[in-house]
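Report on one structure; see the data block that follows.
Index from 1, following the sequence.
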Amino acid sequence: NGLAVVTLATGARRNYEAVRLFTLAPNARYVAMLGYAPTEIKGKGATLRVVELATGTEMSFQDVGEYRWSDEGSLLAMTITTGTTTANGVQLYDPASGRVRALEHSSSGYRVLTFRKGSSDLVFFRSVAPAGTETPGESVIAWRSLAKTPTRVVLDSTNAALGKTIDVVDQTVPRWSLDGQRVVISTRPRPAKADSAAKPGATTDSASTVQIWHTADVQLFPAQQSRLAADAKRGLPAVWHLSTGTLTRVGVDPVDTPTLLEGWRHAVEKPAAKYAWGTMFGRRYHDVIVTDLATGQRTTALEKVRYSYESGDGRFLLWFDGKDFWS
């Protein structure tokens with residue numbers, strides 16, 4: 001694919017070849033064009049060209065994996081992905097001044113750049129393991145006020161909020177609070193390490209392929225199998241408080257789909273495990289557990305309701321108990 005830039009006043013046209021993605025800067029003065037990554041080096045980024053629309057002046061960067069424009073100052077953040085464990089990082093380009101800053105560099109991989117709306121606050125993931133490896137787990141790095149006085153905050157395994165039992169996972173895009181004081185990420189309990197030492201007398205028999213169907217199963221056996229892999233990848237949302245470095249985790253089971261309400265004062269989860277009989281026969285009941293995101297306190301607000309809904313401002317609940325609606 002290619003890209004053409006047309007000056008509407010004169011009809012003049014400039015053509016650019018090999019453009020896979022393009023994005024206009026919020027101030028509409030520049031366009032960023034990402035090319036195609038080479039196929040011979042797995043994981044290597046592509047060439048990114050930044051063109052000033054009025055003059056055609058061009059600046060290019062190599063090995064770019066992804067990029068994002070900020071709303072404030074039209075700064076361009078980009079991940080540098082070399083396809084190796086050297087020279088990876090995150091760079092920041094200001095096309096107005098021509099300044100390029102290296103925000104991060106290491107052997108890890110960087111991804112999911114996310115600017116806060118209307119600001120120059122940036123958050124992204126850095127892999128715990130070197131780039132190209134399959135080891136799960138991410139660190140989260142937030143840069144605040146990149147257009148003015150930048151400050152850096154990190155959430156990684158050295159943070160007491162994660163400890164040695166919780167991993168950050170990149171199942172969802174990080175989300176900023178409106179005031180820039182909090183970031184929502186996804187977490188998952190760290191899997192226990194398997195005991196590699198063989199025990200005396202242990203056998204190496206393969207697992208049985210017999211399927212045992214039971215009348216108490218909420219889901220039929222094929223449905224259980226199809227959801228097994230998806231459920232294993234689910235994460236629980238957690239609110240990262242940047243000023244204190246603390247983490248408020250929401251929920252205990254990803255299947256209960258914990259949800260943050262508008263304003264991020266509370267979150268709700270809707271466990272239904274103890275109402276399995278009704279779920280099997282189309283009369284699904286659930287409880288509603290509310291988490292105070294400032295303190296982390298969980299409270300069972302409702303029990304055995306058919307339907308429940310949260311108000312748009314995140315302050316009220318509406319529910320149906322099978323007979324009446326309540327607020």
Under a 3.5 Å distance rule, please check whether Glu66 uses its side chain to pair with a backbone N or O of Leu113 as donor and acceptor. yes

Looking at every non-hydrogen atom in both residues, tell me the closest pair between Ser308 and Val288 and how far apart they are. OG-CG2, 3.7 Å

Under the 3.5 angstrom rule, does the side chain of Thr246 hit a backbone N or O of His241 as a donor-acceptor pair? no

Closest non-hydrogen atoms of Tyr93 and Met78, given as atom of the first, atom of the second and distance, are CB-CE, 3.8 Å

For the hydrophobic clusters of this structure (ILVMFWY residues joined by side-chain heavy atoms under 4.5 Å, transitively), does one cluster hold both Val153 and Val112? yes

Donor-acceptor check, side chain of Ser186 to backbone of Pro237, threshold 3.5 angstrom: yes or no? no

For Ile80 and Ala87 the tightest heavy-atom approach is CG2-O, 3.5 Å

Counting only N and O atoms by type, is there a donor-acceptor contact under 3.5 Å from the side chain of Asp121 to the main-chain atoms of Ser145? yes

Just verifying a value: how many Å separate Thr81 OG1 and Asn88 CG, rounded to the nearest 0.5 Å? 6.0 Å

Look only at the side chain of Ser139 and the backbone of Asp156, and say whether a donor-acceptor pair between them is shorter than 3.5 Å. no

Distance (rounded to the nearest 0.5 Å) between Ile185 CD1 and Thr172 OG1: 8.5 Å

Shortest non-hydrogen contact between Ala131 and Thr85, atoms and distance: O-CG2, 3.6 Å

About how many Å separate CZ of Phe22 and CG of Leu34, when rounded to the nearest 0.5 Å? 12.5 Å

Indicate the atoms forming the closest heavy-atom contact of Ser108 with Arg126, along with that distance. CB-CG, 3.6 Å

Which atom of Thr248 lies closest to which atom of Leu293, heavy atoms considered: OG1-O, 3.3 Å

Short side-chain to backbone donor-acceptor contact, Trp319 and Glu303, under 3.5 Å: no

With Asp287 as reference, evaluate Lys274, Lys270, Lys304 under the salt bridge (Lys or Arg N to Asp or Glu O under 4.0 Å) test and give the passing residue. Lys274

